[in-house]
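Just so it is clear, the model here is predicted, and its values are computed rather than measured. These numbers come from the heavy atoms of this one structure, side chains and all, not from hydrogens, waters or symmetry mates.
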Amino acid sequence: MELSALRCPRAAPAAGFPRNFQNRVKFPGCERQIGGKEAKRSRISPELNLNSQNQVEIQNLDVLKPKVLKKEQNFPVVALEGTNPTGRRMVVTKIYEGVPLPFHTPTEPMPEARRVLVACGPFTPSDGAAFEPLRDLLGVVSRERPDLCILFGPFLDAKHEQVESCQLLSPFSDVFRLCLRTIIEGTRSSGCQLVLVPSLRDVSHLPVYPQPPFAFPELPKEDRARVLLLPEPCTLDVDGVVFGLSSTDLLLHLGAEEICSSSGLSDRFSRILRHVLTQRSFYPLYPPPEGLPLHLEALGAFAALPVTPDVLVTPSELRFFIKDVLGCVCINPGRLTKGQAGGTYGRLLLRRDGHGDRTTDRTTDRTTDRVVRI
């Protein structure tokens, strides 16, 4: 099986958008009570001007409201064109709608069907440091022998009770390395390719988004060919099928920024994921929620989508699901542990005939997906 990480180019600014107007935007008349809470003010994004704190009011709502608050499925990131004669009020003349990037077109057919297992930490229950759920998962890997196993952090959760209270008997780094060794040794007999993606909640790793891959110099030589350490977020080519991988809870963060309760698209998760694909970014939100350290200089270079992924894996605290969004298979496998109880993981079976013609060979039609309880 051939694996290769795709390099994300730096995102280009939206065409026709004035560079000197990239600040917060407030929608007059839209700051109303929604579900008992005041609607938050929206933001404009393609590029960010960090030196300005001005807020610019939007005018010409007969153009703005129908398109942004209804057609755009209620997520408050837009690209607008208009005039700003006073520096305090923008008169909108055009709204740019997001368009997803094209899919990757493979040059070679997939030699055979590929079985993929995806799981996200925490890998320990909240009341103990034993890796019992992880050992159960490794037992599944040994029995089912998938071709590819993708594991997301946190591998040692910063929100774990014993981590927060500093009750662990060993240093955090030692427990983290023990966890990685357990995973690597536990998947060795199955011969599967192993992909490890960090999380902002990994207590022994750099907690800044985007994150670099883990540094694990103790990786045995016999495992170096099959173990791939990737950054957060990342894209991965699996025999011509492109995976988009992100351990950050996009669904929770983006869902909190909705400003309107009515929409033509009733499925909330599909609505949010649609914005990830049309805005061509793993994290199309600024400013981020409190507690998420964002590296702005690296965001455009390492969090931009190089293509629309065939499969997008976005673990979340919200309920697990599998959905087809704009032709992309989107899966939230849930977390392997939920407090003191076991959680869920995902299984995929990839099949692709021919050379990836998108009119006859959609990934959604040739993927069998399932979320399983551990």
*What is the distance from atom CG of Asp239 to atom CG of Leu148, rounded to the nearest 0.5 Å?*
9.5 Å
*Closest non-hydrogen atom pair, Pro212 against Leu206*: CD-CD2, 4.0 Å
*Mind checking what makes ring pair (Phe, Tyr, Trp, His ring centres under 6.0 Å) contact with Tyr209, not counting sequence neighbours?*
Tyr283
*SG of Cys149 to CD of Gln193: how many Å apart, nearest 0.5 Å?*
11.0 Å
*Please confirm whether the backbone N or O of Leu349 pairs with a side-chain atom of Arg115, one donor and one acceptor, at under 3.5 Å?*
no
*asked:* Has Ser270 got a side-chain atom pairing as donor or acceptor with Val325's backbone, closer than 3.5 angstrom?
replied: no
*Identified side-chain hydrogen bond (donor to acceptor under 3.5 Å, both in side chains) partner of Thr248 from the options Gln211, Arg201, Glu232*: Glu232
*State the CG-CZ distance between Leu138 and Arg188, to the nearest 0.5 angstrom.*
12.0 Å
*Flag side-chain contact, heavy atom, 4.5 Å: Val371 against Ile322*: yes
*Which of these, Phe131, Phe214, Phe172, sits in a ring-ring contact (aromatic ring centres under 6.0 Å, His included) with Phe155?*
Phe214
*Which atom names give the shortest non-hydrogen contact between Thr337 and Pro122, and what distance separates them?*
OG1-O, 3.0 Å
*Could you tell me which non-hydrogen atom of Asp202 sits nearest to which non-hydrogen atom of Gly153, and how far apart they are?*
OD2-CA, 3.7 Å
_Donor-acceptor pair, side chain of Arg226 and main chain of Gly191, under 3.5 angstrom_ = no
*asked:* Can you tell me how far apart OG (Ser126) and CD (Gln162) are? Round to the nearest 0.5 Å.
replied: 9.5 Å
_Residue pair Asn332 / Thr314, side-chain donor-acceptor N/O under 3.5 Å_ = no
*Between Lys338 (side chain) and Glu317 (backbone), is there a donor-acceptor pair under 3.5 Å?*
yes
*Which atom names give the shortest non-hydrogen contact between Ile272 and Gly255, and what distance separates them?*
CD1-CA, 3.5 Å
*Could you check Val311 against Leu348 for side-chain contact (heavy atoms from CB on, under 4.5 Å), going step by step and ending with a plain yes or no?*
CA-CA 10 Å; Val311 180; Leu348 298 88; 3.9 Å; yes
*State whether the side chain of Ser170 and the backbone N or O of Val175 hold a donor-acceptor pair below 3.5 Å, judged by distance alone.*
no
_Partners passing ring pair (Phe, Tyr, Trp, His ring centres under 6.0 Å) against Phe269 (at least two apart in sequence or in another chain)_ = Phe321
*asked:* Give me the atom names and distance for the closest heavy-atom approach of Cys234 to Phe282.
replied: O-CZ, 3.4 Å
*Taking all non-hydrogen atoms of both residues, which atom of Pro315 and which atom of Ser246 are closest, and how far apart?*
CD-O, 3.0 Å
_Separation between CZ of Arg274 and CG of Leu254, rounded to the nearest 0.5 Å_ = 15.0 Å
*Take Asp249 and Leu251 through the test side-chain contact (heavy atoms from CB on, under 4.5 Å) and record every step on the way to the result.*
CA-CA 6 Å; Asp249 201 336; Leu251 299 170; 4.1 Å; yes
_Set of side chain to side chain contact (heavy atoms under 4.5 Å, CB included) partners for Leu219, sequence neighbours left out_ = Ile184, Phe216, Asp223, Arg224, Val227
*Quick check: are there more than 12 heavy atoms from other residues, nucleotides or ligands sitting under 6.0 Å from CZ of Arg181?*
yes
*asked:* Apply side-chain contact (heavy atoms from CB on, under 4.5 Å) to residues Leu178 and Leu156 and explain how you reach the verdict.
replied: CA-CA 10 Å; Leu178 173 62; Leu156 180 59; over 6 Å; no
*Determine, stepwise, if the pair Ile150 / Phe152 fulfils side-chain contact (heavy atoms from CB on, under 4.5 Å).*
CA-CA 7 Å; Ile150 303 174; Phe152 297 86; 3.8 Å; yes
*Tell me whether Val197 is reachable from Val208 by hopping between hydrophobic residues (I, L, V, M, F, W, Y) whose side-chain heavy atoms are closer than 4.5 Å.*
no
*How many angstroms lie between atom CG of Leu196 and atom CG of Leu228, to the nearest 0.5 angstrom?*
8.5 Å
*Quick one: does Arg280's side chain have a donor or acceptor within less than 3.5 Å of a partner on Thr308's backbone?*
no
